[in-house]
**Student:** 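My structure is below; once you've seen it, I'll send some questions.
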Amino acid sequence: MKKIVKLKTVLAISLTINLIVFEWVVTKLVVNNQKSRNISTSQLAYWKDKVSQYEILNARGPHRILLVGDSMIDRFCVKEFLSDVEIYNRGIG
């Protein structure tokens, strides 16, 4: 019976320490990630330009297929690979 109580105590202490360390690591990662998210003027200009182009293009009417995503979608050559399908690429790097 004493072994079970000791085991439960050790497990509770271990769990508490793990949660504290986990919270500390996650907090450090989130803070560091937010600091690295500063957007340069050129990146902001690029983004605004892309969005304004897409607003104009999207006003044309309904589309068959719309690709939305990050820089990988932005750089994807849709017409080369899928020339027989009407696809609109709206990726932003």
Side-chain angles (χ1 to χ4, degrees):
M1 197 67 168
K2 289 183 179 183
K3 285 185 178 183
I4 294 175
V5 173
K6 285 182 181 180
L7 180 62
K8 286 182 179 180
T9 304
V10 169
L11 287 174
I13 291 170
S14 175
L15 180 62
T16 303
I17 292 171
N18 283 322
L19 288 174
I20 291 169
V21 170
F22 178 74
E23 181 184 359
W24 179 78
V25 169
V26 168
T27 302
K28 288 291 183 185
L29 289 175
V30 169
V31 169
N32 288 339
N33 192 21
Q34 287 176 348
K35 287 180 182 176
S36 67
R37 285 191 174 193
N38 294 335
I39 298 174
S40 70
T41 305
S42 62
Q43 289 171 322
L44 185 60
Y46 166 81
W47 183 82
K48 285 182 177 181
D49 183 50
K50 280 284 193 178
V51 170
S52 67
Q53 289 174 15
Y54 293 161
E55 286 173 347
I56 294 167
L57 293 171
N58 290 341
R60 290 184 177 177
H63 306 296
R64 305 262 323 171
I65 298 174
L66 179 64
L67 295 178
V68 179
D70 58 7
S71 59
M72 291 177 70
I73 298 297
D74 182 29
R75 295 182 190 127
F76 180 64
C77 300
V78 176
K79 297 295 180 192
E80 286 184 34
F81 292 101
L82 305 165
S83 59
D84 57 334
V85 181
E86 189 175 356
I87 298 178
Y88 295 88
N89 187 337
R90 299 295 183 263
I92 297 178

**Student:** Determine yes or no for a side-chain-to-main-chain donor-acceptor pair under 3.5 angstrom, with S14 supplying the side chain and V10 the backbone.
**Tutor:** no
**Student:** Passes side chain to side chain donor-acceptor pair (under 3.5 Å), S40 versus Q43? Steps please.
**Tutor:** CA-CA 5 Å; S40 70; Q43 289 171 322; 3.3 Å; yes
**Student:** Measuring only between side-chain heavy atoms, which start at C-beta, is I17 closer than 4.5 Å to F22?
**Tutor:** no
**Student:** Given the rule that I, L, V, M, F, W and Y join up when any side-chain heavy atoms are under 4.5 Å apart, are I56 and I92 in one cluster?
**Tutor:** no
**Student:** Flag yes if M72 and F81 sit in one hydrophobic cluster, no otherwise; membership is Ile, Leu, Val, Met, Phe, Trp, Tyr, and two members link when side-chain heavy atoms are under 4.5 Å apart.
**Tutor:** no
**Student:** With rounding to the nearest 0.5 Å, note down the distance linking OH in Y46 to OG in S71.
**Tutor:** 8.0 Å
**Student:** Side-chain heavy atoms under 4.5 Å apart, restricted to Ile/Leu/Val/Met/Phe/Trp/Tyr: what other residues fall into the cluster of L15, or is it alone?
**Tutor:** L19
**Student:** Distance from R75 atom CZ to D70 atom CG, nearest 0.5 Å?
**Tutor:** 9.0 Å
**Student:** Would D49 and Y54 count as a side chain to side chain donor-acceptor pair (under 3.5 Å) if you check the C-alpha gap in whole Å, the side-chain angles of each, and the deciding distance to 0.1 Å?
**Tutor:** CA-CA 9 Å; D49 183 50; Y54 293 161; over 6 Å; no
